[in-house]
Amino acid sequence: MYKMSIEDYSTGVKREYLCSKDEVKIYSLLPVGEERHPLDAVQESIFDFIIKRDNFPVYLYIESSKRLERELTENNISYKIISSNDAKHKQKSVPLMCLYQLKINNDIELCRIVKQTFAEAVGNNLYLFSSEEHLAWLEANHGYRSALPLLNFEYPSVYIWVGYDGLFWELITNEPNHEDIESCVRVLSTDKIQYLADENI
């Protein structure tokens with residue numbers, strides 16, 4: 001098991017997660033040449049990538065406060081709460097955070113759910129897409145976080161981690177067609193969206 005951490009030094013925001021193997025590529029992807037608002041362009045690029053893969057259902061994991069529970073209920077979005085930092089909240093007076101799982105069955109649900117929840121990514125909360133329904137989590141021992149995701153790369157896998165004020169997203173993968181930056185951008189780019197890519201690991 002490997003622990004990985006990536007820090008954006010301009011904001012001080014740190015991404016931290018656990019990984020089952022070390023043969024993993026991480027690409028930071030930023031849509032360019034867009035006339036729309038950057039947040040709209042990032043959402044559109046995520047839609048295009050997930051829909052192009054056509055591997056539904058997809059699961060969106062979000063760590064946020066109980067406020068998100070109210071918002072999901074008000075917008076008739078189904079969810080599960082799979083963990084929380086309740087013990088830390090009671091003992092250390094840290095904010096109560098819950099880990100939500102949202103099941104996305106098709107492209108229509110994808111667009112609707114992301115548009116309703118993308119503020120969580122903008123706020124630098126955990127915002128992670130995976131095809132795994134039973135993604136493993138380990139308790140976080142520091143800060144207010146409730147858990148760290150254990151990303152499974154025992155077989156070809158793709159995870160999408162959105163954040164850094166929602167201005168770009170990270171593709172975390174061991175799939176052969178994303179083995180380097182050039183192939184990654186080639187697979188992702190379309191007539192509609194071009195990318196700048198940076199290889200973190």
Side-chain angles (χ1 to χ4, degrees), residues 4-17 19 24-53 58-65 67-68 71-72 75 77 95 97 99-102 104 107 109-131 135 140 143-146 148-149 151 157-173 175 178 180-201:
M4 293 186 178
S5 177
I6 303 171
E7 184 165 0
D8 179 354
Y9 292 100
S10 65
T11 63
V13 174
K14 181 179 288 187
R15 298 273 181 237
E16 188 172 65
Y17 57 91
C19 180
V24 176
K25 294 290 186 180
I26 303 175
Y27 303 104
S28 298
L29 295 151
L30 170 69
V32 296
E34 293 284 337
E35 296 181 356
R36 293 168 294 171
H37 191 284
L39 296 181
D40 293 334
V42 169
Q43 291 179 62
E44 190 68 30
S45 68
I46 294 169
F47 298 156
D48 284 355
F49 178 68
I50 293 178
I51 291 169
K52 183 178 180 180
R53 286 179 60 82
V58 171
Y59 297 88
L60 174 57
Y61 295 91
I62 305 173
E63 188 173 46
S64 186
S65 66
R67 168 191 49 77
L68 180 60
E71 293 176 0
L72 294 174
N75 288 286
I77 296 175
M97 301 292 284
L99 185 59
Y100 299 83
Q101 180 198 66
L102 286 64
I104 301 173
D107 57 342
E109 288 186 8
L110 173 67
C111 296
R112 174 173 173 259
I113 288 173
V114 170
K115 288 183 180 299
Q116 291 289 344
T117 63
F118 200 72
E120 303 299 329
V122 175
N124 295 312
N125 289 330
L126 183 146
Y127 198 89
L128 177 71
F129 290 94
S130 170
S131 60
L135 189 61
Y144 62 84
R145 295 283 304 279
S146 63
L148 296 177
L151 308 187
S157 303
V158 165
Y159 299 89
I160 294 175
W161 197 317
V162 190
Y164 302 104
D165 298 330
L167 296 175
F168 63 90
W169 50 281
E170 290 172 350
L171 178 66
I172 308 170
T173 182
E175 287 192 348
H178 301 309
D180 55 42
I181 290 178
E182 289 74 20
S183 61
C184 176
V185 173
R186 186 167 57 250
V187 170
L188 289 171
S189 295
T190 65
D191 292 338
K192 187 176 182 180
I193 299 174
Q194 301 295 315
Y195 292 87
L196 287 178
D198 176 54
E199 184 175 5
N200 289 307
I201 292 180

Engineer: Locate the shortest heavy-atom distance separating Leu39 from Gly166; write the atom from each residue and the value.
Structural biologist: CD2-O, 3.3 Å
Engineer: Do Glu44 and Asp48 have side-chain heavy atoms sitting under 4.5 Å apart?
Structural biologist: yes
Engineer: Going by heavy atoms in the side chains, are Ser131 and Val58 under 4.5 Å from each other?
Structural biologist: no
Engineer: Please find the pair of heavy atoms, one from Ala121 and one from Val162, that lie closest to each other, and give the distance.
Structural biologist: CB-CG1, 3.9 Å
Engineer: What is the minimum heavy-atom distance between Ser157 and Thr173, and which atoms define it?
Structural biologist: O-OG1, 2.9 Å
Engineer: To the nearest 0.5 Å, how far apart are CG in Leu99 and CD1 in Ile62?
Structural biologist: 9.5 Å
Engineer: Which residues satisfy the side chain to side chain donor-acceptor pair (under 3.5 Å) test with Arg53, sequence neighbours excluded?
Structural biologist: Glu175
Engineer: Given Leu60, which of Ile113, Leu110, Ile160 fulfils the side chain to side chain contact (heavy atoms under 4.5 Å, CB included) condition?
Structural biologist: Ile113
Engineer: Restricting to side-chain contact (heavy atoms from CB on, under 4.5 Å), what partner residues turn up for Gln101, sequence neighbours left out?
Structural biologist: Tyr59, Tyr61, Lys80, Ile82, Glu133
Engineer: If you measure from CE on Met97 to CG on Leu126, what distance do you get to the nearest 0.5 Å?
Structural biologist: 9.0 Å
Engineer: Between Tyr127 and Trp169 (judged by ring centroids, cut-off 6.0 Å), do the two rings come close enough to count as a pair?
Structural biologist: no
Engineer: How about Asp40 and Phe118: do any of their side-chain heavy atoms sit closer than 4.5 Å?
Structural biologist: no
Engineer: Is there side-chain contact between Asn124 and Asp165, with at least one heavy-atom pair below 4.5 Å?
Structural biologist: yes
Engineer: Quick one: pull up CZ in Arg112 and OG1 in Thr117 and give me the separation to the nearest 0.5 Å.
Structural biologist: 10.5 Å
Engineer: Closer than 3.5 angstrom, by distance alone: can the side chain of Asn75 be matched with the main-chain N or O of Glu71 as a donor-acceptor pair?
Structural biologist: yes
Engineer: Less than 4.5 Å apart, any side-chain heavy atom of Val114 and any of Phe129?
Structural biologist: yes
Engineer: With side chains defined as the heavy atoms from C-beta onward, is the minimum distance between Ser65 and Asn125 less than 4.5 Å?
Structural biologist: no
Engineer: Just so I know, are the side chains of Leu135 and Tyr159 near enough to count as touching, which here means a heavy-atom distance under 4.5 Å?
Structural biologist: yes
Engineer: Taking side chain as C-beta onward, heavy atoms only, is Leu128 less than 4.5 Å from Leu151?
Structural biologist: yes
